[in-house]
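Notes follow once the structure below has been shown.
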Protein chains: 2
Amino acid sequence: MTKRATWQREAVRDALSTSEGFVSAQSLYGALRESGSPIGLATVYRALSDLAVGGDADSLQQEGESLYRACTPGSHHHHLICRNCGLTVEIEADAVEAWAASVAADHGFTQPSHVVDVFGLCAACQRLG
Amino acid sequence: MTKRATWQREAVRDALSTSEGFVSAQSLYGALRESGSPIGLATVYRALSDLAVGGDADSLQQEGESLYRACTPGSHHHHLICRNCGLTVEIEADAVEAWAASVAADHGFTQPSHVVDVFGLCAACQRLG
DNA sequence: CCTGCTATTGATAATCATTCTCAGCACGTG
DNA sequence: CACGTGCTGAGAATGATTATCAATAGCAGG
């Protein structure tokens, strides 16, 4: 029942943390394969899922696929994402947290959680545009 | 090139507006079929997509599928959604709009857009829990 | 260091939502 | 009422994700 340490899990963790922004499971698999790793697709999905559950990665859904990104564990934060190159900045949003909680309470909702992501064009991509 | 009015499109629009919260294309198709309509699945997808583009419906992605809901046209707003029964409340959030815009600007991002949704358990579902 | 138990892996099949294809049909104008 | 063109729908195609299951490899105990 205990978790075992395998090079596959480490490979996925490393690949994630060296990525600039959010990455899809498919492209992460492709990158690992290109770098010579014989890892399997199913294993990449499992590892990413474990990381997300364990709080070591954030995920979001875009255009029907799940994107993942390594994140600072244990802290609640949101993201500012370049819609062109995927560059991601972690942002704090205490005001939004409070707002979400109070809106939920006002309408009789409990156990509030929220999805807050901001998209835009980063400085670099503006110059290219 | 002009849009034509068909009973299929009206059926989808009606089914959407009589739904309590967000509904998936699949379940909307199922509901229409059960109510005796011989509408096709592809048509439901097309109609929902058109409604979303035209601003007559909002959409969000959850667990790998797209959910749709009729909404007040022309106004920008967000949603408070019961994660159990799907009941949805439209909420205004001028403060959040402003916050999102300033956060983007602070990091050199332009053309900001954002995704803001709050999930919780509605009063009715709490009593059932 | 060797052994056994069992979690993990990975090739592939299966699933599921969504989109595409294309021939036949129906809306709306003249 | 006739015609042109957009619309429809059954089923195939696509693409991401998950399940299957036999073979493999951590890790603890001897």
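Lettering follows sequence order; numbering is per chain, from 1. The shown structure was predicted, so the numbers you read here are calculated from the model rather than taken from an experiment.
No engagement by B:Ser24 is indicated, since no non-hydrogen atom pair under 4.0 Å with the nucleic acid exists. Base engagement by A:Arg46 is indicated by at least one non-hydrogen atom pair under 4.0 Å involving a base atom. Using a 4.0 Å heavy-atom distance criterion, A:Glu65 is classed as a sugar-phosphate-only contact.
When hydrophobic clusters are built by joining Ile, Leu, Val, Met, Phe, Trp and Tyr residues whose side-chain heavy atoms come closer than 4.5 Å, directly or via intermediates, B:Val115 is grouped together with A:Leu67.
In this model, a donor atom of one side chain and an acceptor atom of the other lie less than 3.5 Å apart for A:Glu97 and A:His78. Side-chain polar atoms of B:Thr43 and B:Gln8 form no donor-acceptor pair below 3.5 angstrom. There is a side-chain donor-acceptor pair under 3.5 Å between A:Ser113 and B:Arg83.
Residues in residues 51-68 of chain B take part in these salt bridge (charged side-chain N to carboxylate O under 4.0 Å, His left out) pairs, two or more places apart or across chains: B:Arg13-B:Asp56.
Considering only side-chain atoms of B:Gln8, the nucleotide from D:dA16, C:dT18, D:dT8 that sits closest is D:dT8.
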**Request:** Give the B/S/- string for nucleotides 25-30 of chain D, one per nucleotide from 5' to 3', where a protein heavy atom under 4.0 Å of the base yields B, of only the sugar-phosphate yields S, and otherwise -.
**Result:** BBS---
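Distance B:Gln61 CD to D:dT17 P: 12 Å, rounded to the nearest Å. Atom OH in B:Tyr29 sits about 12 Å away from atom C1' in D:dT8, given to the nearest Å. Remark: P of C:dT18 and CD of A:Glu63 are 14 Å apart, rounded to the nearest angstrom. Atom OH of A:Tyr45 is separated from atom C1' of C:dA11 by 15 Å (rounded to the nearest Å). The distance between atom CZ of B:Arg9 and atom P of C:dG28, rounded to the nearest whole Å, is 11 Å. Protein atom CD of A:Glu10 is 16 Å distant from nucleotide atom C1' of C:dT9, rounded to whole Å. Taking atom CD1 of residue B:Ile39 and atom P of nucleotide D:dA10, one finds them 10 Å apart after rounding to whole Å. As rounded to whole Å, 12 Å separates atom P of D:dT17 from atom CG of A:Leu28.
When all heavy atoms are compared, the tightest approach of A:Ala47 to A:Arg9 is CB-CG, 4.5 Å.
Of the two residues near DNA chain C, A:Arg33 and B:Leu41, the one whose nearest nucleotide lies more 5' is A:Arg33.
For A:Glu20, the CD atom is loosely surrounded, since the number of other residues' heavy atoms within 6.0 Å does not exceed 12.
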